[in-house]
Amino acid sequence: MAITAGIDVGSGAVKVAVMNMDDCREQLAAHYLERIRRRDVMEVVEESLAAALREAGLRRDQLDYIATTGDGDVIPWRTGHFYGMTTHSRGALFLAPEARAAVDIGALHTRAMRFDPSGRVLQYQMTSQCASGSGQFLENISRYLGISIDEIGPLSLSATNPEKCSSICAVLAETDVINMVSRGISTPDILRGIHNSMALRVAGLLRAIKVEGTILLTGGLARDTGLAAAIADKLKEGGGANVSLATHELSVQAGAIGAAIWGAFRHHKLARQQEAARGGT
Amino acid sequence: MDCFVGIDLGSTTTKAVIVDTRGRIVGRGITNSRSNYDVAAQVARNEAFTNARFDMLGRALREEGGLGDAGPAFEAALAAAYRHECFLGQLQRLENHCRRDLESDRYTHDRRAMGHALEVILAGIRHDAAAVYGGGTAARSDFFRDLAGASYTEHAAHVAREGGPAFDRLVGLFDRNIIPVENEPETRGFAQLLRSALDRVPLSLAQRRDAVAGLLARVAEADLREVSAVGTGYGRVRLPFPKENIRSEILCHGLGAHLMFPRTRTVLDIGGQDTKAIQVDEHGVVTSFQMNDRCAAGCGRYLGYIADEMNIGLHELGPLALGARRRIKINSTCTVFAGAEFRDRLAAGQAREDIVAGLHRAIILRAMSLLARSGGIRNEFTFTGGVGRNQAAVKALHEVAQDNYGSLTINIAPDSIYTGAIGAATFALQGSARN
Amino acid sequence: MSLAAPEAPAAAGPLAELVGRATRLYEDLDLKAVSDWKAGDASRRAIGFLPVYVPREVIHAAGALPVGIMGGGDQIEIVRGDSYFQSYICHLPRSVIELAVSGRLNALDGFVFPSICDVIRNLSGMFKVLTADKWVHYLDLPQNFDRDGGGTFYRHELATIASGVSALTGIEVTDERLRASIRLYNDNRRALAELQALRVQSPWLVPATEYYLLLRASYLLPPESHTAMVRDYMRHSRDARRNAQDNIRVMVRGAFCEQPPLGLLRTLERAGCYLVDDDFVLGARFIPEPLPEDGDPWQALIDGFLYRSLPTASKYDVNATKEADIVRRARDVRADGVLLIAPSFCDPALLDQPMLARALEKAGIPCTSFKYAEDTGQFQVIREQAGTFADAIKLWGTT
Amino acid sequence: MTAAVKDLSQDRQKQMISAHYARLARAKEDGRKVVYTFVPGNLTELLNNLGLLPVLPEINALQSGMRGKTGDYIHIAEKAGHSEDVCTYVKADIGMLKSGNIGPTGEPLPKPDLLLLSYTGCFTFLKWFELLKREYDCPVVMLHVPYQGDGRITEPMRRYVAGQLRDVVIPALETLAGRRVDYDLLRQQLALSARAEDDLVWVLQSARHRPSPIDAYFGGVYYIGPIFTAFRGTTDAVEYYQLLRDEIRQRLKGGLGPVTPEGTLQEEKYRIVVEGPPNWTSFREFWRMFYGEGAVVVASSYTKVGGLYDRGFRHDPSRPLETLADYCMGCYTNLNLPDRIALLEKYINDYAADGFLINSVKSCNSFSAGQLLILRELEKRTGRSGGFIESDLVDPRYFSAANIKNRLESYFQMVEAKRART
Ligand SMILES: Nc1ncnc2c1ncn2[C@@H]1O[C@H](COP(=O)(O)OP(=O)(O)O)[C@@H](O)[C@H]1O
Ligand SMILES: Nc1ncnc2c1ncn2[C@@H]1O[C@H](COP(=O)(O)OP(=O)(O)O)[C@@H](O)[C@H]1O
Ligand code: SF4
Ligand code: SF4
Ligand code: SF4
């Protein structure tokens, strides 16, 4: 029996998950997400953890392990830290037990990972120091188009004639978009065009790690149904008959959930070690 | 008067310049390119003609207006009133679009609240504009989008705080409807706008209104004949000009810099999305050049993202950076990541000013690599493009150039953003002289 | 995964002092150490060399100090170096050129560019143009590893270097002098081998950055001073009673030329990896074992290169043994995993990676790969990759 | 089009090449052995002498590029773990291999019986065959060709290469072929090589005329085809170059400019020297950016990668091994940088060029590292305008048409403006 918290500090938002773990059951007791929006990150972390604990009806001192992930290693009072791809894989497995791969599309980076049934990361790929196809980019575009983030997905899905967006660079793509607007291309067609070009990259990452079976979309952009559809299409085009893409309403929490689960795992291991040590004396 | 027009269709701004038969600059116009290129070119051109008429007006007033010491003040007030008039026209069009938009299904639930909020916000903007054009406060930018946008955001935030509709929703309304506004040029002519403007000039200054009315009418009707036009810049191929009237922006920038500073040998232009390093000879002929491609890292837009991240105006960024105390080295110049880099460093406890100064230096270092590739910096060195308006970038440029190329004369003209357009206008003049 | 363990206490006393000295040498891009050494005697000469396979013994025997050139790392701003290289060429040559055009290499009297890739090769020609007043030699290494074929050719190359340096110093390379140099470098080889053994045994005693700084010091110091430094370090580090952390053991391959910034090494350790073997600063140790100290010293050097030098992607792999080699080595140093890291745009290292990765995979040794540049400033992505790699090994363990 | 005569040589070349591919396709049935080897420093005479059939992976890669296949091939190679950063010829080849090794004629290429790694002027070749070795598991024979580091071929270098030919390469080829090299035949072959080389040089030098009857880059890459590929030292090659020479002589007589895909170029506005390989994926488009502006390439270094003959080197039948060694060491990319600069400078002057242009390809460090210094030095020494564009050989992602067009236009306008002043 262990109660653990996972804190995923991202560049766009802080996610917290509280897990109730015993030998045969992993149960999500509470979760919370707070966007950072130019505030002090530590403040947001404290607030979010408090909110999640409130929801779970727990006190902080009842936590057996506080696990961080993402940029969470700056948190001084953490028990341990796990890296993003470790936690997203485990979180994905929790949300979709049949998944054998996950793509995490966050504000800045995209990561694709393949894992085994125990959540062990077998292979991964990550984008580097270029923002083309990142969440941040999509956010900028949507701002220019005057739509809110939640509208992106549904609008993109209603596209009839997606416009090709050719620029590799997110900044130059923005100019492309501006041009599209002035040429009278509809917002859905523009969005879907962007989604298609993002999907191409994501599909590339996925193919690079040779995924098969179910892939869970995690991270903030998992909520973007338009992007999900575009990725699914691209995977199909690439001849991936045996891959399928899934999302989950809690996808954005995958990192935090994974961290909490690994925290419990470590907690048990440490406890056993201690016991063994005590037994030995 | 015979006019020769140069249009520089940049990625961020579109500039138009008019020169007369002697090559003297008589008009300048600038607008946002964030809209239809044709419209942008048209708007910039109209503005340049307006500016040319004001130029004529100024001379006429000085020579025969009989206003004495009150002359300059009257002229300035009239110009401000003219801009105010244009602004209000655009604001009206924005209001129309917003109101039409509010009829859509999107607002079924909060139409009334939104309509009410819009009214409050617009009143606020009008109030702000009166202060700006009345000479009360400094303008944040030359462009309607930025000016009205900043004012709109501010009032929207206030409305939201007071229990009105959510901030995001209000800003969304603006973002959606500003686009068509930018695509609609002003329909009123110069004479009409000038008449309305004259009505706005405070009485004390306008006492001689009747005396100058004739003069104004004459200027408004003066025949400005566009003999030929040359287009250049990022979007030049979209211009409806014959091929021989389209010039590479490299040549135009080289020539433009040479015209402003005849001893120029090296030109650096940092625009919104591209950076160019150009070497010219003693006649202003380009001998070598380099420009960035495919990646817009370290261009003017980079500063735009930072300003957005900090929620301040572009022109406030430079002064902020000048307050830096420590030098910070910043490696990533991906424009889109600039905001994240800023946040990271803030979180790591670095000072705002220092970070912003580091970001400026990063831009300059990136430009240095292009410069180096084009053949280094030779005396005299002219810095053009929008980023030339940013003092911190200029300071960093001075430092790095001094450290690596020794003492140099570095030219930065108030007109530097028009460099390409000046070159283009001069090409237009030369071209028609040859024919 | 990293437990919230307190950072190892900052070393104090003689160890800190020694590491401080090595750090200063590392930061000495103006080659002050070389100027100081030359100031000791007006006839002294120093020869710069680039990675990897340069027979320092020959330069030393001709009475000159061999000085390794490793670029400017992340310590200099590249202002003019970029005018010589396109963006898709690795970073090392541009910072080397930056050092040269900014006068930081003035203390050197000549340069040797060994043949390891087209970039270094062409750089030799650029130096011929840019530093026309200095002796610049391109050292063509045989890719034919036959004593009569490649060996004879290499003997001629060594003689060319010897006479080139001798012309500067006025000291002829006799067999006796060459044997003496070999002896000095042999002693250095022994010291470095001991250090490597210590690191394999107790990696926490030899943090990656310190190991690295020590190696770099050999690029500026005369061999005997460096040997002493290495031995002092081992003594002090044992005395410092450093504690082991919950880290995995990794071996690094592919970084033989352009060097990763120190920050990257720190990042790897922070992400939970002990480096138990690597190929940084390989020019200081490309022949790991002592060479014969009697007999024909030239032949000793020739055989040293032909038969005993460490492999890199730049050396032709005649018998296709690189796969077997890397697996054996990983097992020898008891590595939990291998990091295949390479400088961006480094054709040799990057073209090697798929072959090595496949072999490691087959052998069941976890490996991961990523790229860096000497001036990489952001380690977030690397940290995450290395961290995930370490997590996977720690959570499931191979040991 | 005035090119009725022109078609003759072109047809001839087409026939030769398709006959070669047909031979390759039948190689296994005919019991002939296949050797993969590279263009620079190729030992075609030796292979022919022993009845071995050469396959040149670089040529396959460029052909795939022209046929628009390399985008996919490169993708496949990158999926297999190859970096985005490395030479795209290698990746195109590996991608092609993994897609069934279908050659340009649509028939599969035979597997190699031997990889002949004569590695002139580029280290990537070495890696390339290390990679292929792991795919094919056939023997590799290495001929290490030293670089002209000091700008000349020394006696020890020559002995080293000739020695390797004698002791390593020839024995291995003989074992494979099951027969000995026929030295009399080899001498005849080398004499034929020299004859074709004479004509090739004559053709390339015809560009000294104004207007130039040829384009020494876009046309040049076709002219060098037969020597580069499998034909040096054959009567086929000799006849081809005779035909070509006659055709060019006709053009000269008629005062005609070079042939372009859209007919004879009417007005020669700019005479340009080009350094660096062309782009193959958008070859036509790239070419059009030149002739569309009236630019003619009068000399290029790329047409010298398979052998540099205009400084006087000819294959010499009297000393077969040494002459092959000299040939290998004399290819353009084996020249050191000062020598490359000197050669280009000479071209600019000899061919009375208005300027020079460097097409810097991402793939090829051998060519590209140092090109910016070449640019500076040439500008300084010749006073002519230099231009610099970046693209790639066969990676379509690195050919940004709008960008290159922008640069070329600016460049030509710059040359024009400069000319107007002087
Ligand atoms: N419904 C949505 N549609 C599209 N993008 C979304 C949606 N919800 C959130 N996002 C984007 O997700 C990103 C944040 O994702 P997250 O995984 O939290 O990133 P990080 O971990 O890097 O902070 C933001 O860029 C945000 O714009
Ligand atoms: N007042 C200002 N203060 C600081 N920077 C400015 C100012 N005005 C414009 N800029 C900078 O100039 C850039 C636009 O430059 P410009 O030369 O107009 O670009 P382009 O020619 O590409 O359209 C903007 O991205 C911005 O960074
Ligand atoms: S290409 Fe664009 S998105 Fe990518 S690094 Fe450059 S500026 Fe950033
Ligand atoms: S990093 Fe690689 S490509 Fe660059 S110089 Fe070194 S070996 Fe050559
Ligand atoms: S690097 Fe250049 S010479 Fe070498 S294989 Fe690639 S294209 Fe050919």
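A note on names: the letters A, B, ... follow the listed sequences, proteins ahead of strands, and every chain is numbered from 1. In what follows, every heavy atom counts, from backbone to side chain, and hydrogens, waters and symmetry copies are set aside. Since the model is a prediction, treat every value here as computed from it, not as a measurement.
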Between [atom1] on residue [X] and [atom2] on residue [Y], distance to nearest 0.5 Å:
X	Y	atom1	atom2	value
C:Lys394	A:Lys269	NZ	NZ	10.5 Å
C:Phe389	A:Tyr124	CZ	OH	7.0 Å
A:Asp71	C:Arg383	CG	CZ	6.0 Å
C:Gln380	A:Leu108	CD	CG	7.5 Å
C:Arg270	A:His81	CZ	NE2	8.5 Å
C:Thr368	A:Gln125	OG1	CD	9.0 Å

A:Trp262 versus chain C, heavy atoms under 4.5 Å apart: side chain, backbone, both or neither?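 Interface part for A:Trp262: side chain.
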For A:Arg201, which residues count as a side chain to side chain donor-acceptor pair (under 3.5 Å) partner, sequence neighbours excluded?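 Listed in chain order: A:Ser132.
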Would you please go through residues 110-118 of chain A and name the residues with a non-hydrogen atom below 4.5 Å from one of chain C, in numerical order?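 Under the 4.5 Å heavy-atom cut-off, A:Arg111, A:Ser118 qualify.
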Testing the basics here: between [X] and [Y], what is the closest heavy-atom pair and its distance to 0.1 Å?
X	Y	answer
A:Val121	C:Ala392	O-CB, 4.3 Å
A:Thr86	C:Leu395	CG2-CD1, 3.7 Å
C:Gln385	A:Met85	CA-CE, 4.0 Å

